[in-house]
Asker: 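Dropping the structure in here first, questions after.
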Amino acid sequence: MDVLFRLPVKSLVRFRCVSKSWKTLISDEYFKAKHCNHAKNNKKLLIAQMFPDDVGFVHADGETESYKLWVMKEYGVKETWFKLFTIPRFFAIPKYVFADGEVLFYEGYFPYNGFRTSKGPYELLPSSYDTYLQGFVYTESLISPNLLI
Amino acid sequence: MVKLKSNDDKEFEVEEAAVIQSEMIKNMIEDGCATSVIPLPNIDSKTLIKVIEYLNKHINMGKAAETGEEDDLKEFDEQFVNMGWEELFDVIMAANYLNIHELMELCCQSAADRLKNKSVRAVREMLKITNDLTEEEEQEIINDAPWAFEGPEIDDTVN
């Protein structure tokens, strides 16, 4: 079970076919909740919103024209604010932090319009990067939205 | 030094600082139950050697974060999980028994990564599971979500 709740939704939906006990386990509400929780915990939230994850904000210094990204390591604990990095002459909205520390940014200001990562531009993105309008972080879950209504 | 004994009667000496990454042994030491050799009836020597290798490498994890040796540790972890499927499961069982959180995380994630794109048939074979679903039951599950059974990434090989 410790292995299974690390799997993506598509694999789990397929693996219901492995045996009766797998079908029961994967359809179980407790398993679904545990899977959802694990997926959420693996995310680092950067935008200042009310989520029990990491919280961050952007600080753009007008005088030196440098851009600083701060992250709150533990939500609600003031002492855990931590400066991730500084980039000169850059302004963008952070969207996501990857496990290796790379940050995905959205740049919505002329002449740039699109996504880039902190190490280099556009490495991770589909080729037509300049046509994207917005991006969102999402968590895959086995829990059906019908249950939430 | 703490002495550990595998189920095939081999003894290993491990530094206390390394071995207390195991919650189970840490509790034993705190309760004063670790004065002589600690027998581990669920773990064979081959697996125990792997576990001790991990513990010794991760002994200074806090320090590594300060001195920028994190990359080195990451590389070690990557190499460490590069082992056979059966071997990986033995290490997971041992990490679970000894309650070594970080090792459990690492190995379970590696196991999940290996299973992720496998076909149903391959998963059954890898985990030695007998299919007890009837053909109708199986078809019903497939009809329920056919998209989960299609795609170029699905891998039918067993390794």
Side-chain angles (χ1 to χ4, degrees), chain A residues 1-28 31-32 34-44 54 71 73-74 79-80 82-85 97-103 118-119 126 139-147, chain B residues 65 70-71 74-75 77-78 85 88-89 91-93 95-96 99 101 103-151 153-156:
Chain A
M1 178 148 159
D2 282 306
V3 173
L4 288 188
F5 65 72
R6 284 158 214 272
L7 288 169
V9 166
K10 184 173 175 180
S11 315
L12 287 171
V13 171
R14 180 168 69 251
F15 295 165
R16 288 179 306 157
C17 237
V18 168
S19 75
K20 271 186 187 157
S21 55
W22 278 48
K23 181 173 176 255
T24 314
L25 175 70
I26 295 167
S27 313
D28 181 62
F31 180 82
K32 287 183 191 174
K34 191 132 178 142
H35 175 268
C36 185
N37 248 339
H38 183 262
K40 270 189 200 152
N41 282 341
N42 269 347
K43 238 165 45 181
K44 301 272 181 231
D54 281 8
V71 180
K73 282 270 195 193
E74 210 175 305
E79 288 71 31
T80 63
F82 164 81
K83 188 163 76 187
L84 213 53
F85 49 67
V97 188
F98 296 92
D100 63 357
E102 181 124 305
V103 183
S118 50
K119 283 187 189 139
T139 308
E140 270 193 346
S141 170
L142 288 162
I143 299 169
S144 157
N146 295 332
L147 290 169
Chain B
E70 268 171 322
D71 288 348
K74 223 182 240 178
E75 208 182 300
D77 283 355
E78 263 166 45
W85 176 250
L88 181 68
F89 256 81
V91 176
I92 290 178
M93 294 303 181
N96 188 40
N99 201 350
H101 182 74
L103 181 59
M104 188 73 183
E105 280 286 296
L106 176 70
C107 293
C108 285
Q109 190 56 54
S110 170
D113 290 342
R114 293 185 205 194
L115 285 176
K116 188 168 74 181
N117 290 332
K118 292 291 174 193
S119 70
V120 172
R121 194 198 64 83
V123 171
R124 278 186 203 133
E125 204 163 312
M126 283 167 84
L127 296 169
K128 301 188 182 68
I129 295 167
T130 327
N131 177 22
D132 52 1
L133 292 157
T134 64
E135 229 166 87
E136 289 82 52
E137 282 171 323
E138 218 173 299
Q139 200 53 51
E140 205 178 300
I141 299 171
I142 298 172
N143 291 344
D144 191 33
W147 52 269
F149 295 83
E150 293 158 4
E153 81 282 9
I154 294 178
D155 172 11
D156 196 37

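In the text below, chain A, chain B and the rest are named by the order of the sequence lines, each starting its count at 1. Please read all numbers here as calculations on a predicted model, not as lab measurements.
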Asker: How about CD on B:Glu135, more than 12 heavy atoms from neighbouring residues, nucleotides or ligands closer than 6.0 Å, or not?
Answerer: no

Asker: For B:Glu140, is it the side chain, the backbone, both or neither that has a heavy atom under 4.5 Å from a heavy atom of chain A?
Answerer: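 B:Glu140 has no heavy atom closer than 4.5 Å to chain A.
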
Asker: Tell me, side chain or backbone of B:Val123 under 4.5 Å from chain A's heavy atoms, or both, or neither?
Answerer: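 Side chain only.
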
Asker: When only pairs under 4.5 Å are counted, which of B:Arg121, B:Met104, B:Arg124 shares the most heavy-atom pairs with chain A?
Answerer: B:Arg124

Asker: Does the distance from a Lys or Arg side-chain N to an Asp or Glu carboxylate O, for A:Arg6 and B:Glu105, drop under 4.0 Å?
Answerer: yes

Asker: Can you tell me which portion of B:Ser119 sits under 4.5 Å from chain A's heavy atoms? Options are side chain, backbone, both or neither.
Answerer: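 Just its backbone gets close to chain A.
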
Asker: Could you measure the distance from the SG atom of A:Cys17 to the CG atom of B:Asp144? Nearest 0.5 Å is fine.
Answerer: 10.0 Å

Asker: So which part of B:Ile129 gets closer than 4.5 Å to some heavy atom of chain A, the side chain, the backbone, both or neither?
Answerer: side chain

Asker: Identify the two heavy atoms, one from A:Arg14 and one from B:Ile154, that lie closest to each other, and give their separation to 0.1 Å.
Answerer: NH1-CD1, 3.5 Å

Asker: I'd like to know if the side chain of A:Lys10 and the backbone of B:Glu150 have a donor-acceptor N/O pair within less than 3.5 Å.
Answerer: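 Yes; at least one donor-acceptor contact below 3.5 Å.
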
Asker: Is there a side-chain contact between B:Val120 and A:Trp22, using heavy atoms and a 4.5 Å cut-off?
Answerer: no

Asker: Could you pull out the closest heavy-atom pair between A:Leu7 and B:Ala112, with the gap in Å?
Answerer: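 That closest heavy-atom pairing would be CD2-O, 3.2 Å.
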
Asker: What distance separates A:Arg16 CZ from B:Ile142 CD1, expressed to the nearest 0.5 Å?
Answerer: 10.0 Å

Asker: Does the pair B:Leu115 and A:Ser11 meet the rule for a side chain to side chain contact (heavy atoms under 4.5 Å, CB included), with working shown?
Answerer: CA-CA 8 Å; B:Leu115 285 176; A:Ser11 315; over 6 Å; no

Asker: Atom NZ of B:Lys116 and atom CG of A:Leu12: how far apart are they, to the nearest 0.5 Å?
Answerer: 12.0 Å

Asker: Over all heavy atoms of both residues, which pair between A:Asp2 and B:Cys108 is shortest? Give the atoms and the distance, please.
Answerer: CB-SG, 3.7 Å

